[in-house]
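The chain is numbered in sequence order, starting from 1.
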Amino acid sequence: MTLKKWMKRWGLGIRGKLWKMMKCMRSGEQLRLDDMASSSESLATRDYSVSYSSQAAGVDTKVENSNIEEAESSLRESGYLNYEEARALLGRLEYQKGNIEAALHVFEGIDIASVSSKIKASLSRRCEQQNRRRSQSDTAPPMSMHAISLLLEAILLKVKSLQGLGLFEEAAQSCKMILDTIESALPEGLPESVSSDCKLQDILNKAVELLPELWKLAGSPQEAILSYRRALLYYWNLDTETTSKIEKEFAVFLLYSGCDASPPNLRSQVEESFVPRNNIEEAILLLLILLRKFAVKKIEWDPTIMYHLSFALSVSGEQRTLAHQVEELLPGIMERRERYSILALCYHGEGEEMIALNLLRNLLRNRGNPDCVLELLVASKICAKNMVCVEEGISYASRALSELHGRCNQMASVANRLQGILLSTQSRSVASDSERISKQSEALEMLERAEKLTIERDPCIIFHLSLENAEQRKLDAALHHAKQLLKLEAGSSVRSYILLARILSAQKRFVDAENVINTALDQTGKWDQGELLRTKAKLQIAQGQLKNAIETYTRLLAIIQVRTKSLGAGKNLAKNRRHSNRSLEMEAWHDLANVYTSLSQWRDAEVCLSKSMTLSPYSASRWHSTGLLYEAKGLHQEALKAFKAALDVEPNHVPSLVSTACVLRRLGSQSIPIIRTFLTDAIRLDKTNHSAWYNLGLLYKADPSSSVLEAAECFEAAAFLEDSAPVESFR
């Protein structure tokens, strides 16, 4: 019987029949409609018996009317309501009522594998070209779009039922079947004729969004990653809002899931196009795509995109790129304070300290920005690295303390620590001894106050306490703090080992200091042994083991060369490390040249200096080592020229100031006041330089106009400082 004749015969009675069918299915009775088309899959040829609880009795009329309309629509399109469609309708009814277990029981009766193959075949046929004739053997008509949507919705509701019952893996497998069916039927993506079906498109949107979440709940992060990539790479005809939501969720998962994703295997890509190599790169790419969508006004502004991008670019060492992204944002998108703070942190991370400080100055100059404690602390930290800005840094730290008002002890501890560091820096530049001693006492007081404010011991504070005590030649207190620091960090920091070794060397315990360095070398990776090896060589020189020192320097230089090659070129993450390598290598060549000079091996010393020349032609340290070589050869005029060249490069280079004064005193070509100027300048810059004090004492002794007491005071200071001098500066 054709649909037209069937509709004519039954007419308006269709709703009554469907209502009766629904009631009969819920009550567990058998229903046979002999007047419907004789299909092997119709309800007329099957016994359908399902038992339900008494909850099914109170069916909401509005919900039932909706399901009746669905059934009516299906009947109008295909001429019959088959078994799977009937179950899909009834299952949806139970799901809408909140009977998840009952709904799942109904959905389990649908043969999903069979239904999927039929949907696949129907979609494939619908997408064939119009002029292509079907073969005579293909007698089965394709499923209607309404029936396809109804059955796919049933599978999706089954997925949600499984999810609600905590069966996440089974839910993910069922959800994956929806996408597998569509993708295998339409490998080139959804055509317009299919995607125009709003209900089918809505089902696909939900399935594409849900699948990664289900894999995450099932504890399968790799499957979740594949599902996210599938959602973004296949043409599902998703709207911009849905795609953007998936991109953001995928980026967040890549950044914080702790799972290492393998690089995507793209089916097709433009030659030389960028392919992410790891989680961070893929997340950055997704977040940049989202920013680009916002720039062209495809999506609304979401501040969390910038937060996640800031994290991703920061951990990958791309602070400058982050700064460019922030600078490109339109005015008004980000608050002025937030923009300036992020930019300052970016340039601070890149080593552009003055740019960062100027940004913070512009922000902090405006008194309308209350509670800028973080910005004040960052500005104070930057000022601590620049002798010119020390006063400014102290004012920032004091302002941070006044704004805190005792609210947060941790932040107050940081402010006190920074103020202590700044006062210590300031003490090294003051003229009078009384003022210097006062500043040093204040610095220690601030650091001790910072330590008291912390709930748990802070390694950074203890380090600076040890360092400040060592600088003031309070070696016992410095040693106590250094040992505490090493214990607190469990030997994980190279700088703590080096500080302890320097303190021991100041106490002339060279063997103990070398043992500390050897322990550190055993516990440190080869690439991080550079500073340790240099300290070890200095200790060996102090003990007169010059040949051992040469071997240590040779080992150090070999490690630096291999390490430099392994870092490669053009990697932003390694740029700071490459700079550190270059500086360490240059100083190692200078130290080695000085060792060869002391052994009168002139040729070897010259080779070392030539190696340094290739690294940096303008180095005060290299010119000073060259002057020492000339001086050892007895070429005092050439030595004087080398020392002057060092001072041209770096006017405050203390070793060159002292060496220039020594050569001038030997030559006797300059007046005593000029020589004294070089030595007093050296002492002003470094009051712990025992060589400067000793030579100043010799100058006073040789000067008839100077008192013997002045010379004695200089010799006394030189003796005290030499007795407590480390093999290399504490800082």
Side-chain angles (χ1 to χ4, degrees), residues 459-460 462-467 469-470 475 478-568 573-574 576-596 598-599 604 608 611-612 615 621 725-731:
C460 190
I462 298 173
F463 175 82
H464 283 286
L465 271 170
S466 178
L467 182 60
N469 277 292
L475 297 180
L479 183 63
H480 171 71
H481 287 300
K483 287 180 176 178
Q484 281 188 329
L485 178 62
L486 206 61
K487 184 178 180 181
L488 185 63
E489 294 178 333
S492 61
S493 173
V494 169
R495 74 171 186 171
S496 301
Y497 278 112
I498 292 175
L499 178 59
L500 178 58
R502 288 172 181 172
I503 294 169
L504 289 170
S505 72
Q507 294 179 329
K508 308 309 174 189
R509 296 164 59 182
F510 299 118
V511 175
D512 291 340
E514 191 170 353
N515 288 336
V516 167
I517 295 297
N518 288 333
T519 302
L521 288 169
D522 292 338
Q523 298 181 10
T524 306
K526 185 172 289 187
W527 296 151
D528 298 320
Q529 291 181 354
E531 290 290 347
L532 291 168
L533 288 170
R534 188 182 181 209
T535 303
K536 181 177 179 177
K538 296 265 189 177
L539 289 167
Q540 289 169 335
I541 293 170
Q543 297 173 76
Q545 302 170 3
L546 299 184
K547 290 187 177 180
N548 291 342
I550 291 171
E551 291 177 4
T552 304
Y553 278 123
T554 303
R555 178 182 168 191
L556 166 60
L557 290 166
I559 289 174
I560 291 174
Q561 289 178 7
V562 174
R563 181 181 172 186
T564 303
K565 290 179 181 178
S566 68
L567 287 174
L573 190 60
N576 292 332
R577 183 167 288 185
R578 286 202 305 274
H579 177 74
S580 175
N581 279 353
R582 182 178 291 271
S583 176
L584 182 61
E585 183 180 4
M586 191 165 61
E587 293 303 321
W589 283 120
H590 299 161
D591 292 345
L592 192 54
N594 294 339
V595 173
Y596 283 129
S598 64
L599 292 171
D604 292 331
C608 292
K611 292 285 187 181
S612 169
L615 293 172
S621 179
V727 291
E728 52 187 347
S729 173
F730 288 117
R731 296 187 181 276

Check: Ser598 side chain, Val595 main-chain N or O, donor-acceptor pair, under 3.5 Å: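 Confirmed, Ser598 side chain pairs with Val595 backbone.
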Determine the minimum heavy-atom distance between [X] and [Y], stating which atoms define it.
| X | Y | answer |
| --- | --- | --- |
| Ser612 | His590 | OG-NE2, 2.5 Å |
| Arg582 | Leu615 | NH1-O, 3.2 Å |
| Ala593 | Cys608 | CB-CB, 3.8 Å |
| Arg495 | Cys460 | NH2-CA, 4.2 Å |
| Arg731 | Arg502 | C-NH1, 4.0 Å |
| Pro726 | Ser505 | CA-OG, 3.4 Å |

When you look at Leu479 and Leu500, which way does the side chain to side chain contact (heavy atoms under 4.5 Å, CB included) test go after all the steps? CA-CA 7 Å; Leu479 183 63; Leu500 178 58; 3.3 Å; yes
Run the salt bridge (charged side-chain N to carboxylate O under 4.0 Å, His left out) test against Glu585 and tell me which residues pass, sequence neighbours left out.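 Residues passing salt bridge (charged side-chain N to carboxylate O under 4.0 Å, His left out) with Glu585: none at all.
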[X]: side chain to side chain contact (heavy atoms under 4.5 Å, CB included) partners, not counting sequence neighbours:
| X | result |
| --- | --- |
| Ala588 | Tyr553, Leu556, Leu557 |
| Lys547 | none |
| Arg555 | Gln529, Leu533, Ile559 |
| Val494 | Ile498, Thr524, Leu532 |

Rounded distance [0.5 Å steps], CD1 in Ile550 versus CG in Leu599: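 One gets 5.5 Å once the value is rounded to the nearest 0.5 Å.
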Val727 vs Ile541, test: side chain to side chain contact (heavy atoms under 4.5 Å, CB included). Steps then yes/no. CA-CA 9 Å; Val727 291; Ile541 293 170; over 6 Å; no
Determine whether Thr535 and Tyr497 satisfy the following criterion, side chain to side chain contact (heavy atoms under 4.5 Å, CB included), listing intermediate values before the conclusion. CA-CA 10 Å; Thr535 303; Tyr497 278 112; over 6 Å; no
Would you say Lys487 has more than 12 foreign heavy atoms packed within less than 6.0 Å of its NZ?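 At most 12 heavy atoms, drawn from other residues, nucleotides or ligands, come within 6.0 Å of this atom.
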Pairwise side-chain contact, Leu504 with Asn515, heavy-atom cut-off 4.5 Å (strictly under):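 They are not in side-chain contact.
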Report the C-alpha distance between Glu551 and Gln540 in whole Å, list the side-chain angles of each, state the deciding distance to 0.1 Å, and finish with yes or no for side-chain hydrogen bond (donor to acceptor under 3.5 Å, both in side chains). CA-CA 10 Å; Glu551 291 177 4; Gln540 289 169 335; over 6 Å; no
Residue pairs fulfilling salt bridge (Lys or Arg N to Asp or Glu O under 4.0 Å) with at least one residue in residues 529-542, sequence neighbours excluded: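 Matches after skipping sequence neighbours: Arg534-Glu587, Arg534-Asp591, Lys538-Asp591.
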